[in-house]
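Notes follow once the structure below has been shown.
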Amino acid sequence: MTVTEPSTIRTGPAFPPGFAWGAATAAYQIEGAATENGRTPSIWDTFSHTPGKVAGGDTGDIAVDHFHRFREDVRLMAELGLTSYRFSLSWPRVQPTGRGPAVERGLDFYRALTDELLAHGITPVATLYHWDLPQHLEELGGWPARDTAYRFADYAALAAEALGDRISTWTTLNEPWCSAFLGYGSGVHAPGRSNQADALRAAHHLNLGHGLAVGALRAALPRSAQLAVSLNLHQIRPLSADPADLTAARRIDAVGNRIFTGPMLGGGYPADLLADTAHLVDWDTLVQPGDEAEIGRPIDLLGINYYTPTVVSSAENARDLPRHDGHGGGDQSPWPGAEDVAFHLAPGERTAMDWPIDPTGLTDLLLDVHRAHPGLPMLVTENGAAFEDTVGPDGLVDDQDRIAYLHGHLAAVADAVAAGADVRGYYLWSLLDNFEWAYGYAKRFGAVHVDYGTLARTPKASARWYAEVIRTGTLPQG
C-alpha cells in the first residue's frame with residue numbers, strides 16, 4: 001500500500017460485463033433471534049448489554065428481525081435488481097461455544113437464506129467473521145490467544161461442509177483492523193479491552209486465522225470456489241509535504257494497512273511495522289515459524305471497504321487537536337506504535353458519522369492496490385453513508401444526499417476501472433437500516449428504511465436510484 005495525494009475523478013459509467021451489483025449486511029446488525037435455536041452470546045451481545053458501551057443502551061437482541069423476515073428481505077433485494085448479496089454467518093449461531101460440532105438448526109437458517117437467494121437469481125457471498133466472536137472463546141483469551149485462530153479454521157470447515165454446495169464465494173474476515181484495534185486497543189468495540197500489546201497479538205492471530213481458514217475452505221469446497229478477505233484499508237494522505245508528516249503517514253500505513261496486506265498477500269510483516277511496535281510485543285515470539293507462509297495462502301479476490309480518506313500529520317503540526325480518525329472516541333489510541341500521530345478532518349461536506357465525503361479516495365485506493373498487486377481482482381465490499389434521514393408525509397425517505405454520495409463513489413469506481421483496476425463488483429452498505437455497533441440505532445446507513453417500532457421496510461429514494469443504475473448498468477449524468 002502506498003500513500004497518495006488526492007486525484008481528480010470524472011464521472012463515467014464504465015462498468016465491466018458481469019459486474020456484481022450488490023448490498024451487504026452483518027449478522028449481529030440485522031438478524032436478531034439472539035437466543036433462538038441454540039445460539040449463545042457473542043462478544044457483541046455481552047458488550048451491548050454492558051451499561052454505557054452502546055448509545056441509548058441499544059442491543060442486537062431483535063435488531064431488524066432478519067432471522068424471521070429474511071424472505072421478505074430477499075424479495076426486496078430482487079425488486080431492487082441485486083445480482084449479489086453479501087452477508088455474514090453468526091459464529092455462535094453455527095457453533096455456539098466456538099468448539100465442537102455445528103448446530104444444525106443454526107445452519108438450517110443459512111441453508112434457507114441461500115436457497116431463497118438462489119431462487120431469486122441472487123448470488124450469495126458469505127462472510128465467516130463479521131466481529132461476533134463466541135463469548136466462550138473470549139473468556140478463553142479471545143483473538144489475543146493463538147488458539148482462537150485454530151478454532152476459527154475449524155468453524156470455517158464446518159460452514160463450508162454445510163453450505164459449500166450453495167455458496168461459491170467466501171470471505172474469511174471483515175475488517176480485521178477493527179476487530180483487533182477497536183476491540184482490543186481503544187476498546188470502543190467489543191469486547192471492549194484496551195491493551196495495545198493485545199491489539200497487536202489479536203491482529204496476528206486474525207491474520208493466522210485467515211490463512212488457516214483459507215486452507216480449511218480449499219479442502220472442503222469445490223476447486224471453482226472463490227475465496228476473499230475484506231479489509232478497511234485506510235487511504236492515507238499526509239497533511240503536508242513536511243518530512244514529519246510523511247513519516248506520520250508511513251507509520252499509519254504500516255499499522256492501518258500493511259499489517260494485514262503484507263502477510264496476507266505474501267510479503268510478510270513489514271520491517272518498519274515491526275520496528276515501530278517492538279516496544280509493545282516480541283514479534284519473534286509472537287510470529288512462529290511457518291505463520292507467514294500460512295497467512296499468505298493465495299486468495300482469489302480482495303474486498304475493499306471504503307468510506308472516507310485518512311488525513312494525518314505529526315503531533316508537532318497539530319498539538320491538542322481531537323483524534324479525527326473516524327473510529328470513535330476512547331481514551332486509548334487504536335494505533336499502537338503511532339499514538340502521537342495526529343488525525344485531521346478532510347475539507348468538504350460530511351456524513352452523519354462526521355466522515356468527510358471524498359470519492360477521490362476510493363479511486364486512489366483501488367489504483368494503489370492495483371499497482372501493488374496487479375494480478376489480484378477486487379470487490380468494493382462496503383461503501384455507503386449515514387445521513388439524518390427524514391420520513392416525509394407520504395411515508396417515504398427522499399435521501400438525495402445519499403444518492404449524491406453513491407453517485408460520486410460509483411463514478412470513482414468507474415474511473416478506477418477505466419484506469420486499469422480489476423474491480424469485479426460493488427456492494428452498497430447497507431441494505432437495511434440496522435444496529436450500527438456502538439452507535440446503536442442512531443445512525444442509518446440503509447438503502448431501505450426500517451421503522452424500529454414496527455420493523456416495516458420501505459425503500460428510500462436511494463434504493464430506487466440504485467435499482468435503476470443496476471437495471472441500466474450506467475450512471476446518470478450530473
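Side-chain contact between His344 and Ser313: present, with at least one pair of heavy atoms (C-beta onward) separated by less than 4.5 Å. The side-chain heavy atoms of Leu302 and Leu231, taken from C-beta on, include a pair separated by under 4.5 Å. Contact annotation: the side chain of Phe87 approaches that of Leu117 to within less than 4.5 Å [non-hydrogen atoms, C-beta and beyond]. For the pair His449 and Val391, the minimum side-chain heavy-atom distance is below 4.5 Å. A 4.5 Å side-chain heavy-atom check between Leu233 and Leu365 finds at least one atom pair inside the cut-off. Residues Leu217 and Leu128 have side chains in contact (heavy-atom distance under 4.5 Å, counting atoms from C-beta outward). Annotation: side chain of Thr83 is not in contact with side chain of Thr123 (no heavy-atom distance under 4.5 Å). When side chains are defined from C-beta on, Phe435 counts as touching Ser48, because their heavy atoms get closer than 4.5 Å.
A donor-acceptor distance shorter than 3.5 angstrom exists from the side chain of Tyr405 to the backbone of Gly384, with no hydrogens or angles considered. Without hydrogens or angle criteria, Tyr85 side chain to Val125 main chain gives no donor-acceptor distance under 3.5 Å. Judged by distance alone, the side chain of His210 and the main-chain N or O of Thr172 form no donor-acceptor pair under 3.5 Å. No donor-acceptor pair closer than 3.5 Å links the side chain of Ser42 to the backbone N or O of Pro134. Formation of a donor-acceptor pair under 3.5 Å by the Ser88 side chain with backbone atoms of Tyr129 is not found in this model. In terms of modelled atom types and a separation under 3.5 Å, the side chain of Tyr452 and the main chain of Asn434 share a donor-acceptor contact. Under a 3.5 Å cut-off, the side chain of Asp399 and the backbone N or O of Arg402 do not form any donor-acceptor pair. Remark: the backbone N or O of Leu200 is not paired with any side-chain donor or acceptor of His204 at under 3.5 angstrom. Under the 3.5 Å distance criterion, the side-chain polar atoms of Asn207 are matched with a main-chain donor or acceptor of Ile259.
Note on residues 453-462: pairs passing salt bridge (Lys or Arg N to Asp or Glu O under 4.0 Å), not counting sequence neighbours, are Asp73-Arg457, Asp389-Lys460, Asp433-Lys460. Listed by first and then second residue, the salt bridge (Lys or Arg N to Asp or Glu O under 4.0 Å) pairs involving residues 50-63 amount to none (not counting sequence neighbours). Within the structure, the salt bridge (Lys or Arg N to Asp or Glu O under 4.0 Å) test picks out the following pairs touching residues 299-309 (sequence neighbours left out): Arg218-Asp300.
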### Message
Apply side-chain hydrogen bond (donor to acceptor under 3.5 Å, both in side chains) to residues Asn305 and Asn174 and explain how you reach the verdict.
### Response
CA-CA 9 Å; Asn305 295 357; Asn174 181 78; 3.1 Å; yes
### Query
How far apart are the C-alpha atoms of Ser230 and Thr381, what are their side-chain angles, what is the distance that settles it, and do they pass the side-chain hydrogen bond (donor to acceptor under 3.5 Å, both in side chains) test?
CA-CA 7 Å; Ser230 287; Thr381 41; 3.0 Å; yes
### Task
Go through Arg237 and Asp245 one step at a time and tell me if the salt bridge (charged side-chain N to carboxylate O under 4.0 Å, His left out) criterion holds.
CA-CA 9 Å; Arg237 293 172 173 171; Asp245 289 355; over 6 Å; no
#### Entry: Criterion side-chain hydrogen bond (donor to acceptor under 3.5 Å, both in side chains) on Asn383 and Tyr426, from CA distance to verdict
CA-CA 8 Å; Asn383 176 245; Tyr426 175 91; 2.7 Å; yes
### Query
Ser84 and Tyr427: side-chain hydrogen bond (donor to acceptor under 3.5 Å, both in side chains), yes or no, with the steps?
CA-CA 8 Å; Ser84 187; Tyr427 292 79; 2.7 Å; yes
### Task
With salt bridge (charged side-chain N to carboxylate O under 4.0 Å, His left out) as the test, would you mind laying out the steps for Asp354 and Lys443 before giving the verdict?
CA-CA 11 Å; Asp354 205 32; Lys443 306 296 183 184; over 6 Å; no
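Checked against the 6.0 Å centroid criterion, the rings of His327 and His234 qualify as a close aromatic pair. Checked against the 6.0 Å centroid criterion, the rings of Phe152 and Trp91 qualify as a close aromatic pair. A centroid separation of 6.0 Å or more is found between the aromatic rings of Trp177 and His189. Aromatic pair Trp143/Trp131: centroids not less than 6.0 angstrom apart.
Arg111 meets the salt bridge (charged side-chain N to carboxylate O under 4.0 Å, His left out) test with Glu104, Asp108; sequence neighbours excluded. Every residue two or more places apart in sequence or in another chain was checked for a ring pair (Phe, Tyr, Trp, His ring centres under 6.0 Å) with Tyr466, and none qualifies. Under the rule for a salt bridge (charged side-chain N to carboxylate O under 4.0 Å, His left out), Asp451 has no partner lying at least two apart in sequence or in another chain. Contacts of Gln196 classified as side-chain contact (heavy atoms from CB on, under 4.5 Å), with partners at least two apart in sequence or in another chain: Leu280, Gln332, Ser333, Pro336, Glu339. In this view, Phe260 satisfies the ring pair (Phe, Tyr, Trp, His ring centres under 6.0 Å) rule with no residue, not counting sequence neighbours. Partners of Glu175 according to the salt bridge (charged side-chain N to carboxylate O under 4.0 Å, His left out) rule, which considers only residues two or more places apart in sequence or in another chain, do not exist here. The side-chain contact (heavy atoms from CB on, under 4.5 Å) search around Ala112 returns Phe70, Arg71, not counting sequence neighbours. By the ring pair (Phe, Tyr, Trp, His ring centres under 6.0 Å) test, Trp21 pairs with Phe15, Phe19, sequence neighbours left out. For Pro191, the side-chain contact (heavy atoms from CB on, under 4.5 Å) partners two or more places apart in sequence, or in a different chain, are Ile43, Glu138, Tyr184, Arg193.
Using a cutoff of 4.0 Å between basic side-chain nitrogens and carboxylate oxygens, Arg350 and Asp358 are not scored as salt-bridged. Remark: Arg86 engages Glu382 in a salt bridge, criterion side-chain N to carboxylate O under 4.0 Å. By the 4.0 Å N-to-carboxylate-O rule, Asp198 lies close enough to Arg201 to be salt-bridged with it. Ion pairing between a basic and an acidic side chain is recognised when a charged N comes within 4.0 Å of a carboxylate O; Arg424 and Asp422 show such pairing. Look at Arg93 and Glu36 and you find no salt bridge, because none of the NZ, NE, NH1 or NH2 atoms lies under 4.0 Å from a carboxylate O. Classification of Arg75 and Glu72 as a salt-bridged pair fails, no side-chain N sitting under 4.0 Å from a carboxylate O.
Ring geometry for Tyr306 against His409 counts as tilted: the plane angle lies between 30° and 60°, on a 0 to 90° scale. Aromatic ring pairs are classed by plane angle as parallel below 30°, tilted from 30° to 60° and perpendicular above 60°; the pair Trp437 and His130 is parallel.
Listed here is the closest heavy atom pair of Val417 and Pro16: CG1-CD, 4.1 Å. Closest heavy-atom contact between Ala461 and Asp398: CB-OD1, 3.6 Å.
Residue Leu455 places its CG atom among more than 12 non-hydrogen atoms of other residues, nucleotides or ligands, all under 6.0 Å distant. Few gaps surround CG on Asp394; more than 12 heavy atoms of other groups in view lie less than 6.0 Å from it.
A distance of 7.0 Å separates CD in Glu139 from OG1 in Thr46, rounded to the nearest 0.5 Å.
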